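Worksheet for the structure shown next.
To find a chain, count down the sequence lines: A is the first, B the second, and so on, and within it residues start at 1. Predicted, not measured: the structure shown is a model, and the values here were computed from it. Side-chain atoms are counted along with the backbone in the values below, which use heavy atoms only and exclude waters and symmetry mates.
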There are 2 protein chains.
Amino acid sequence: MKIAEVSKKYEVSSDTLRYYERVGLLRRVPRNASGVREYGEADCARIEFVKCMRSAGVPIEALIEYLELYEQGDETAPRRKALLVEQRDLIQQRIDAMREGLNRLNAKIDSYETVMMDAERGMRQRESGNAD
Amino acid sequence: MKIAEVSKKYEVSSDTLRYYERVGLLRRVPRNASGVREYGEADCARIEFVKCMRSAGVPIEALIEYLELYEQGDETAPRRKALLVEQRDLIQQRIDAMREGLNRLNAKIDSYETVMMDAERGMRQRESGNAD
DNA sequence: GCTTGACTTGAAGCGGGCTCCAGGTGTTTC
DNA sequence: GAAACACCTGGAGCCCGCTTCAAGTCAAGC
């Protein structure tokens, strides 16, 4: 697969794919005779994984580190695992923060609904507590 | 409350508080005779809200817009609500993405656990499928 | 054989969100 | 009254993660 196809398939821009390779997220992707990238199965799998991790908020740095460890062989397994656990916990924390935000927003939205319905009924009720 | 106290209370740096004010997230905080910020109840409530929204990933721009609408009076209520709904939905999407990442990570971590336990048992089993 | 289009590279630029700095003022403390 | 400290301002700098740009190469179609 050439870069454009991969880009389309995973909804990641060609520029980003090249960028990922540059910074070490994708090791050297093989080129054909005229220097054009030819992505293989493994590359695609990696891209898919990276995309998933990135959209979950895992920093590029952490992914690079993970990959480097991975390429250093079996004896890095414990460190790799620790890295994954750390990132998992960070994601969990962010999810928690977002859930709190979500709750706040939902409460606010509900109160807007109430206020607007009241307004429609011509009650012109004071809208209060909506800008905490 | 002076800036240092607020900073401590909400774990937001003084620089960030001044920055928020500069960009319009906190309207003009009152100053005492010698120009020092004196944060009131309402300011604190706002800061707490902003902190919550920020850590949920709501962009500063959106918060500014919301506040501006708020200050323009009751007739902006529908637009404000729409803005909140939009942000809520974005948060929800991000949570979904993060949950997927979380699941992937947990699966991977589990497999590391298995592999490492096997290794301990001296089974030296090939660790496979851990760098998708 | 010339245009078109997809690709290549290295380097610079950008947007968001702070964070830091220099230089200055005001209040306490010894 | 000098030093220490908390604050002020405007502006520059920084980190992350892309994104854009300029200049060039190659393969295919007309």
Verdict with supporting geometry, B:R80 and A:E113, salt bridge (charged side-chain N to carboxylate O under 4.0 Å, His left out): CA-CA 11 Å; B:R80 260 137 69 203; A:E113 250 141 38; over 6 Å; no
Rounding to an integer number of Å, can you tell me how far [X] [atom1] sits from [N] [atom2]?
{"X": "A:E38", "N": "D:dA27", "atom1": "CD", "atom2": "C1'", "value": "14 Å"}
{"X": "A:L63", "N": "D:dC18", "atom1": "CG", "atom2": "C1'", "value": "15 Å"}
{"X": "B:I64", "N": "C:dC18", "atom1": "CD1", "atom2": "C1'", "value": "13 Å"}
{"X": "B:M1", "N": "D:dC7", "atom1": "CE", "atom2": "C1'", "value": "16 Å"}
{"X": "B:E65", "N": "C:dG16", "atom1": "CD", "atom2": "P", "value": "13 Å"}
{"X": "B:R22", "N": "D:dT9", "atom1": "CZ", "atom2": "P", "value": "9 Å"}
{"X": "B:M53", "N": "C:dG17", "atom1": "CE", "atom2": "P", "value": "15 Å"}
{"X": "A:I47", "N": "D:dC18", "atom1": "CD1", "atom2": "P", "value": "13 Å"}

B:Y39 six-ring centre to B:K9 NZ/CZ under 6.0 Å and within 45° of normal: no
Reference residue B:V50; test side chain to side chain contact (heavy atoms under 4.5 Å, CB included); the match among B:I60, B:L63, B:V58, B:V12: B:L63
N or O in side chain of B:Y20 less than 4.0 angstrom from C:dC18 OP1/OP2: yes
C:dT9 OP1/OP2 closer than 4.0 Å to side-chain N/O of A:R31: yes
Do any N or O atoms of the protein come closer than 3.5 Å to N or O atoms of nucleotides 3-7 of chain C, and which pairs are they?
none

Side-chain H-bond candidate by donor/acceptor type, A:Q92 with A:D96, under 3.5 Å: yes
Polar side chain donor-acceptor pair, A:N32 to A:S34, under 3.5 angstrom: yes
Donor-acceptor under 3.5 Å (A:D89 side chain, A:E86 main chain): no
Geometric class of the A:Y66/B:Y112 ring pair [parallel <30°, tilted 30-60°, perpendicular >60°]: perpendicular
Output a table of nitrogen or oxygen pairs between the protein and nucleotides 21-27 of chain C separated by less than 3.5 Å.
none

Student check: side-chain heavy atoms of A:V6 and A:R37 closer than 4.5 Å: no
Side-chain heavy atoms of A:R94 within contact of B:S55, under 4.5 Å: no
Sugar-phosphate only, base, or nothing, as touched by B:R54 at under 4.0 Å among non-hydrogen atoms: sugar-phosphate
Selected nucleotide, minimal atom distance to B:Y19 side chain, candidates D:dT9, C:dC18, C:dA11: C:dC18
